[in-house]
Amino acid sequence: MRDEVRTFVIEQLADMNYDVEEIDDATTLGPSGVDLESLALADLAVRVEDRYGLKFADDESEKLALMTVGEFTTMVADRAAANSDHS
């Protein structure tokens, strides 16, 4: 599941015109990494929510900017797995 989520996240970043060639699991989503602005983070969050049936809390967006790609994909995969357990 995690690999699928990671692939999806990278595809979405590429679709949003970010350079994904140098991205690895240690790359942060915010400054000094992918450098997503708050609107781009929100866009990515909405795409992930739509794809995996998740909901991020409004106060999570600041945390997302500090997360690495690896942390983000693990969190999404864990939540998606938890959601599928309940459905």
Side-chain angles (χ1 to χ4, degrees):
M1 176 63 147
R2 188 180 177 288
D3 288 342
E4 176 196 325
V5 171
R6 187 181 189 287
T7 299
F8 178 78
V9 167
I10 299 297
E11 286 171 353
Q12 298 315 300
L13 291 171
D15 186 57
M16 294 161 62
N17 295 317
Y18 284 90
D19 180 9
V20 296
E21 230 172 83
E22 302 290 319
I23 292 178
D24 61 25
D25 280 355
T27 306
T28 57
L29 291 171
S32 77
V34 182
D35 202 19
L36 297 180
E37 307 268 329
S38 55
L39 279 176
L41 267 171
D43 187 9
L44 179 63
V46 166
R47 292 174 186 224
V48 169
E49 287 174 342
D50 289 348
R51 172 69 177 82
Y52 294 101
L54 306 177
K55 194 77 186 122
F56 293 107
D58 291 339
D59 64 353
E60 283 187 291
S61 57
E62 285 181 31
K63 289 184 209 157
L64 296 181
L66 300 174
M67 287 184 147
T68 64
V69 171
E71 291 166 341
F72 181 69
T73 54
T74 297
M75 178 188 72
V76 170
D78 289 349
R79 288 189 186 184
N83 271 5
S84 65
D85 290 345
H86 298 300
S87 47

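The structure displayed is predicted, hence computed values, not measured ones.
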Spacing of [X] atom [atom1] and [Y] atom [atom2] [to the nearest 0.5 Å]:
X     : Y     : atom1 : atom2 : answer
Thr73 : Asp78 : OG1   : CG    : 9.5 Å
Thr68 : Met75 : OG1   : CE    : 10.5 Å
Asp50 : Lys55 : CG    : NZ    : 8.5 Å
Ile23 : Leu13 : CD1   : CG    : 5.0 Å
Asp43 : Asp15 : CG    : CG    : 8.5 Å

Around [X], counting heavy atoms of other residues, nucleotides and ligands shown, do more than 12 lie under 6.0 Å from its [atom1]?
X     : atom1 : result
Glu37 : CD    : no
Glu62 : CD    : no
Asp24 : CG    : yes

inquiry  = With a 3.5 Å distance limit and no angle check, can you tell me whether Thr74 reaches the backbone of Glu71 through a side-chain donor-acceptor pair?
reply    =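 Checking the backbone N and O of Glu71 against the side chain of Thr74, no donor-acceptor pair under 3.5 Å is found.
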Taking C-beta and beyond as the side chain, do [X] and [Y] meet within less than 4.5 Å on heavy atoms?
X     : Y     : result
Arg6  : Asp25 : yes
Val76 : Val9  : no
Phe56 : Val48 : yes

Name each donor-acceptor pair under 3.5 Å that joins a side chain in residues 28-36 to protein atoms two or more places apart or in another chain, with its distance.
| from | atom 1 | to | atom 2 | distance (Å) |
| --- | --- | --- | --- | --- |
| Thr28 | OG1 | Pro31 | O | 3.2 |
| Thr28 | OG1 | Gly33 | N | 3.4 |

Over all atoms of both residues, closest heavy-atom pair of [X] and [Y]:
X     : Y     : value
Ala65 : Leu41 : CB-CD1, 3.4 Å
Met16 : Leu44 : CE-N, 4.2 Å
Ala80 : Met1  : CB-CE, 3.3 Å

Result of checking Leu64, Leu66, Val5 against Phe72 for side-chain contact (heavy atoms from CB on, under 4.5 Å) =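 Only match with Phe72 under side-chain contact (heavy atoms from CB on, under 4.5 Å): Leu64.
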key: Ionic contact status for Arg51 with Glu4, cut-off 4.0 Å   =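 The answer is yes: the pair qualifies as a salt bridge.
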